[in-house]
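Only heavy atoms go into these numbers, but all of them, side chains included; no hydrogens, no water, no symmetry mates. We count ligands from 1, going down the list as the structure has it; atoms in each ligand are counted the same way.
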Amino acid sequence: MLEKNTIEYEKAVLIGLITQQQDEDKSQEYLDELEFLAYTAGGEVLKRFVQKMEKPDSKTFIGSGKMEEVREFVEANDVGTAIFDDELSPAQQKNIERILKCKVVDRTYLILDIFAQRAQTSYARTQVELAQYEYLLPRLTGLWTHLERQRGGIGMRGPGETEIETDRRIVRDRISLLKKKIKKIDKQMEVQRGNRGALVRVALVGYTNVGKSTLMNVISKSEVFAENKLFATLDTTVRKVVIGNLPFLLSDTVGFIRKLPTQLVESFKSTLDEVREADLLLHVVDISHSSFEDHIASVNQILDEIKSADKPTLMVFNKIDAYEPETIDEDDLITEKTKAHFTLKEWKQTWMQRENVDAIFISALNKENLEEFRKTVYDAVRDIHVTRFPYNNFLYPEEYVE
Ligand SMILES: Nc1nc2c(ncn2[C@@H]2O[C@H](COP(=O)(O)OP(=O)(O)OP(=O)(O)O)[C@@H](O)[C@H]2O)c(=O)[nH]1
Ligand SMILES: [Mg+2]
């Protein structure tokens, strides 16, 4: 694996807003995530710029005074990319680029860029390329591609190490070609999924970096790539898992993130079909992350968008080894107890009371509580199985082995 000092990191700055809907803490938290995204894309963040505004400036996103500050910093430090936390309109992007004279990337495009780097199979590559070009088409005229000194790096990667095409006409042709290609693959995938027979299908879902692939590896003894970067997994892996005498199919798929580009949700239709067609969802949560409740909400919102919000779901709270409640000083009678002080037990009670669903607390890394996890999954899968085959419990022909 590459260590930080062996990769050349590209200098970047982050730009975000504090608004009425987004107070200072929220804004910093979003920028933390944006910095993690930038790092995953190969960027080193030198500085964050934050401005209080009622709403983004329609021409340049931030005000002119702040922009001048950013410009001076970019120039003085040879910054390659300015990354904005919200989606920029094509006009904003063009205006800002003219002022800053460096690459201007927004959160959406940064995510697309990471996806382009990470796509492994030709199917994932096709999906990402389509999403990139659909995003780029209205922006091509203002794009930074004419900045000779800025070729390559963040925002310039197409899938498979190639550079993105910037000729409008070629891009249009490419889009229609990619759409045709995806349609064809979608059909093949549908047939493949159909061939998997009647096994109960379980899908791991969750925010990115919560430990889905690690959990998949632990319970299916497979070798799915897991890494402490965002979007380690892009392609779906499906494994047959047997718990007790009960076999089922378990799939691990792309992680979700807030403000997931709609272009991606659409072009990843087939990947997400794995979720849509699952009988049971295991919603994995990183309980050691301070905003895990927001993560849950973002995941639920995307599940809703892909019409999968009503599926039977088990909440799997992972990384309990890394969870640390804030302590309250016994003598301190003033500090009010907040959620940050909850013990794992309190979280579990809260969750099960509020949602009336099973909540399992585990550490996939340290293999803690996996027995309880297996038992809970077993019961849930068995319930589905029994309703599906009332007369034929657990009799599976051998050919389902993947
Ligand atoms: N402390 C701790 N770390 C964990 C645990 N489970 C996974 N991790 C770490 O969390 C990071 C992300 O794990 P992955 O399994 O790649 O997460 P993922 O949800 O598949 O992520 P994406 O595929 O990027 O969406 C890795 O560095 C894991 O080692 C756990 O139980 N405790
Ligand atoms: Mg993964």
Against heavy atoms of S213, which atoms of ligand 1 measure under 4.0 Å?
15 (O), 18 (P), 20 (O)
Under a 4.0 angstrom heavy-atom cut-off, which atoms of ligand 1 come close to G255?
25 (O)
Taking N77 for its side chain and F73 for its backbone only, find out whether a donor-acceptor pair lies under 3.5 Å.
yes
Using the test salt bridge (charged side-chain N to carboxylate O under 4.0 Å, His left out), find all partners of E371 that sit at least two apart in sequence or belong to another chain.
R374
Does the pair E87/R107 count as a salt bridge with the N-to-O cut at 4.0 Å?
no
ring-ring contact (aromatic ring centres under 6.0 Å, His included) test vs F292 passes for just one of Y323, Y207, W347, namely W347
Would you call A364 a ligand 1 contact, heavy-atom distance under 4.0 Å?
yes
Applying a 4.0 Å heavy-atom criterion (strictly less than), which segment of D321 is in contact with ligand 1: side chain, backbone, both, or neither?
side chain
Below 3.5 angstrom, do we get any N/O pair linking T253 and ligand 1?
no
CD of E75: more than 12 outside heavy atoms within 6.0 angstrom?
no
Is T253 close enough to the Mg ion (ligand 2) to have an N, O or S atom under 2.8 Å?
no
If the cut-off is 4.0 Å to any non-hydrogen atom of T208, which atoms of ligand 1 fall inside it?
22 (P), 24 (O), 25 (O)
Establish, for the pair R139 and Y135, whether the NZ or CZ atom is under 6.0 angstrom from the six-membered ring centre and no further than 45 degrees off its axis.
yes
I320 to ligand 1: N or O pair under 3.5 Å?
no
Charged N-O contact under 4.0 Å between E372 and K375
no
Run down the list K212, E368, K319 and name the one with the heavy atom closest to atom 19 (O) of ligand 1.
K212
Return a yes/no value for D252: is any of its N or O atoms, backbone included, closer than 3.5 angstrom to an N or O of ligand 1?
no
Could you tell me whether some N/O pair between I362 and ligand 1 is separated by less than 3.5 angstrom?
no
So which of N95, L100, D57 actually passes side chain to side chain contact (heavy atoms under 4.5 Å, CB included) with M67?
L100
To atom 11 (C) of ligand 1, the nearest of N209, V205, V254, L204 on a heavy-atom basis is N209
